[in-house]
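Just so it is clear, the model here is predicted, and its values are computed rather than measured.
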Amino acid sequence: MKTISTFYIFYIPLVLLIFLYWSFACDIRNVKNQIHGQTNRSNNSQLYHVELTYRSVNTKKCYASALIKHGLRYKSIHLSKRASIQELGAVNYANDVEWICQISLGTPPQSFLVAIDTASADLWVPSVYCYNCNNKRLYDDSQSSTIQYDDSDFSITYADGSSSIGWIELDTLQVGYIPITSQQFAIIYDISSAFQNDVIDGIMGLGYDSLSLRPARNNTKYGGIFVFGGIDTSLYKGSIIYAPVTVQNFWQIGIDAVLYNGKAVTTSSKKQKQQAIVDTATALLILGTSVVKQLHTNMKGKLDSTSQTWQVPCNLGSNVKVSIQINGISLAINYRDIVREKVSSTSTWCYSGIAATDSTTWILGGVFMKNYYVIFDREKNQVGFATPVYPDQSKN
């Protein structure tokens, strides 16, 4: 199976995205008006912020998608899913199923909605040559004065089976107010049914270059913020807890333990920490089967044998505290994020935000990440976590 990843979308020494207070730092270069000599604690006025929007989802379908993706991901490492500080607004689509932002390509700019994915390194959008891209925004190369033709074949199959086929070209990419000239990306002429039915136009991958075969370097609509180029000190408080990236493919780190009400459900040694991927494209918190069983036993939850989904009482209270311990610090998950929508309109059971896997590598998805300001630091190959400060939404 041929998989080609598109090309790191930016090259700046430090790029940060904040999703529900998540910040992603990536290696980006060739950015116009780069600010030199900045420390991580940059002037917040120089950051570019883009707000996220919240939407609801069918968690039952989310289970199937997340677990299929997780189950296949590790069979082949080549399976890709999918200087000034700038912040980019995005949409939390379908209750953490995917995070969406707007970018533009070409001159004059042509706008697209793309899913932001830290578990891939690919940028692609549908083109006017696509025969099955109905209701998509289509890139028209004939309308861009800055297009540079490469015309190499592009084909990618993600771990959930979704795919796209097209050609590789170069053009000016703009994310927020950041222009990147001669950016490699793919224009697509064929997409799988999963993408045909998705609200997004394309994918913007922010994973490591090793994922690419041709690397280039709830009640409110507010969903969070992306921040590019530095750390916005106004969006978190206290210290940042950093964990080194252990495998530079996905944003993979080691965790110490999973805790329930302060007591360890599982632990790992200092020499051999439990491996977990911090993944914006996974909605659920996916842990080992034995851990998930114990957690749901404690929460008086259950595994529904028919739907193969974990469920918890809808009246789960604030006395339930599930935490992930990283470098000796316990990072708690709000119990409201564990309780998803009702199984049915009359049921007292709700879908759980925690799913099980038999894989040795777990996933810290949206259920966990939305509780923290998360930093993806490509320069130092580390992921950071801090307590978020919530902006005043009364003005929105």
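The salt bridge (charged side-chain N to carboxylate O under 4.0 Å, His left out) analysis of residues 171-186, with sequence neighbours excluded, yields no pairs. Identified under the disulfide (SG to SG under 2.5 Å) test for residues 285-321, with sequence neighbours left out: Cys314-Cys350. Residue pairs meeting the salt bridge (charged side-chain N to carboxylate O under 4.0 Å, His left out) criterion with at least one partner in residues 342-354, sequence neighbours excluded, are absent. The list of disulfide (SG to SG under 2.5 Å) pairs with a residue in residues 119-155, not counting sequence neighbours, reads Cys130-Cys133.
Taking the side chain as every heavy atom from C-beta outward, Trp124 and Phe185 never approach each other to under 4.5 Å. Counting only heavy atoms from C-beta outward, the side chains of Asp279 and Phe250 never approach each other to under 4.5 Å. Contact of the Pro388 side chain with the Leu235 side chain is not registered, since no non-hydrogen atoms from C-beta on lie closer than 4.5 Å. At a threshold of 4.5 Å between non-hydrogen side-chain atoms, the residues Ile240 and Ile375 count as touching. Between Ile255 and Trp362, the closest side-chain pair of non-hydrogen atoms falls below 4.5 Å. Residues Leu295 and Val265 have side chains in contact (heavy-atom distance under 4.5 Å, counting atoms from C-beta outward). A heavy-atom distance below 4.5 Å is found between the side chains of Asn132 and Gln196. Proximity of Thr357 to Val292: side-chain heavy atoms (C-beta onward) are nowhere separated by under 4.5 Å.
Take Ser182 and apply the side chain to side chain contact (heavy atoms under 4.5 Å, CB included) test, not counting sequence neighbours, and it matches Gln148, Leu170. Taking Thr246 as the reference, Gln252, Gln275 meet the side chain to side chain contact (heavy atoms under 4.5 Å, CB included) condition, with sequence neighbours excluded. Taking the salt bridge (charged side-chain N to carboxylate O under 4.0 Å, His left out) definition, one finds that Asp141 meets it with nothing, sequence neighbours left out. The salt bridge (charged side-chain N to carboxylate O under 4.0 Å, His left out) test applied to Asp201 returns Arg137, not counting sequence neighbours. Listed by chain and residue number, nothing satisfies the side chain to side chain contact (heavy atoms under 4.5 Å, CB included) test with Asn134 (two or more places apart in sequence, or in another chain). Among residues two or more places apart in sequence or in another chain, the ring-ring contact (aromatic ring centres under 6.0 Å, His included) test is passed with Tyr189 by Trp167. With sequence neighbours left out, Ser344 forms a side chain to side chain contact (heavy atoms under 4.5 Å, CB included) with Thr346, Ser347.
Within the 3.5 Å criterion, the main-chain N or O of Ile168 finds no donor-acceptor partner in the side chain of Ser152. Under the 3.5 Å distance criterion, the side-chain polar atoms of Ser144 are matched with a main-chain donor or acceptor of Thr107. Side chain of Asn381 to main chain of Asp377: no donor-acceptor pair is present (N/O by atom type, distance under 3.5 Å, no hydrogens or angles). The backbone N or O of Ala194 lies less than 3.5 Å from no partner atom in the side chain of Asp198, so there is not a single donor-acceptor pair. Under the 3.5 Å distance criterion, the side-chain polar atoms of Gln308 are matched with a main-chain donor or acceptor of Ser305.
Residues Thr157 and Ser163 have side chains that never bring a donor and an acceptor to within less than 3.5 angstrom of each other. Judged by distance alone, the side chains of Gln294 and Asn298 do bring a donor and an acceptor atom under 3.5 Å apart.
Between the CD1 atom of Ile116 and the OG1 atom of Thr280 there is a distance of 7.0 Å, given to the nearest 0.5 Å. Summarising the geometry, atom OG1 belonging to Thr361 is positioned 11.5 Å from atom CD1 belonging to Ile286; distances are rounded to the nearest 0.5 Å. For the atom pair CD of Gln184 and CG of Leu173, the computed distance is 12.0 Å after rounding to the nearest 0.5 Å. To the nearest 0.5 Å, the span separating CD on Gln311 from NE2 on His296 amounts to 9.0 Å. For the atom pair Ile241 CD1 and Tyr372 OH, the distance stands at 10.0 Å (nearest 0.5 Å). Taking CD1 from Ile253 and CD from Gln274, the interatomic distance works out to 11.0 Å, rounded to the nearest 0.5 Å.
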Assess whether side chain to side chain contact (heavy atoms under 4.5 Å, CB included) is satisfied between Thr266 and Ser290, documenting all intermediate values.
CA-CA 9 Å; Thr266 182; Ser290 62; over 6 Å; no
Can you check side chain to side chain contact (heavy atoms under 4.5 Å, CB included) on Ser127 and Ile188, steps first, answer last?
CA-CA 5 Å; Ser127 73; Ile188 300 303; 5.6 Å; no
Does the pair Cys101 and Met204 meet the rule for a side chain to side chain contact (heavy atoms under 4.5 Å, CB included), with working shown?
CA-CA 9 Å; Cys101 74; Met204 183 171 73; 3.8 Å; yes
Would Thr172 and Gln174 count as a side-chain hydrogen bond (donor to acceptor under 3.5 Å, both in side chains) here? Give the steps.
CA-CA 7 Å; Thr172 297; Gln174 186 159 324; over 6 Å; no
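Nearest heavy-atom pair across Val278 and Val383 is CG2-CG1, 4.3 Å. Contact detail for Lys136 and Phe195: the closest heavy-atom pair is NZ-O, 2.8 Å. Closest of all the heavy-atom pairs between Ala276 and Leu364 is CB-CG, 4.0 Å. Smallest separation of non-hydrogen atoms from Ile338 and Leu316: CG2-CD2, 4.3 Å. The two residues Ser155 and Ile165 have their closest heavy-atom pair at OG-CG1, 4.1 Å. Taking both residues in full, the closest heavy atoms of Pro313 and Val339 are given as O-CG2, 4.3 Å, listed atom of the first, atom of the second, then distance.
Seen from the ring of Trp310, Lys302 does not count as a face-on cation partner, given the 6.0 Å and 45° thresholds.
The aromatic rings of Tyr373 and Tyr236 are tilted relative to each other, their planes meeting at an angle between 30° and 60°. Aromatic ring pairs are classed by plane angle as parallel below 30°, tilted from 30° to 60° and perpendicular above 60°; the pair Phe385 and Phe368 is perpendicular.
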Report all side-chain donor-acceptor pairs from residues 317-329 shorter than 3.5 Å, counting only partners two or more places apart or in another chain.
residue	atom	partner	partner atom	Å
Lys321	NZ	Ser318	O	3.2
Asn327	OD1	Lys273	NZ	3.0
Asn327	ND2	Tyr242	O	2.4

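Atom CG of Asn135 has 12 or fewer neighbouring heavy atoms from other residues, nucleotides or ligands inside a 6.0 Å radius.
Two different hydrophobic clusters hold Leu259 and Leu285 under the rule that ILVMFWY side chains link at heavy-atom gaps under 4.5 Å.
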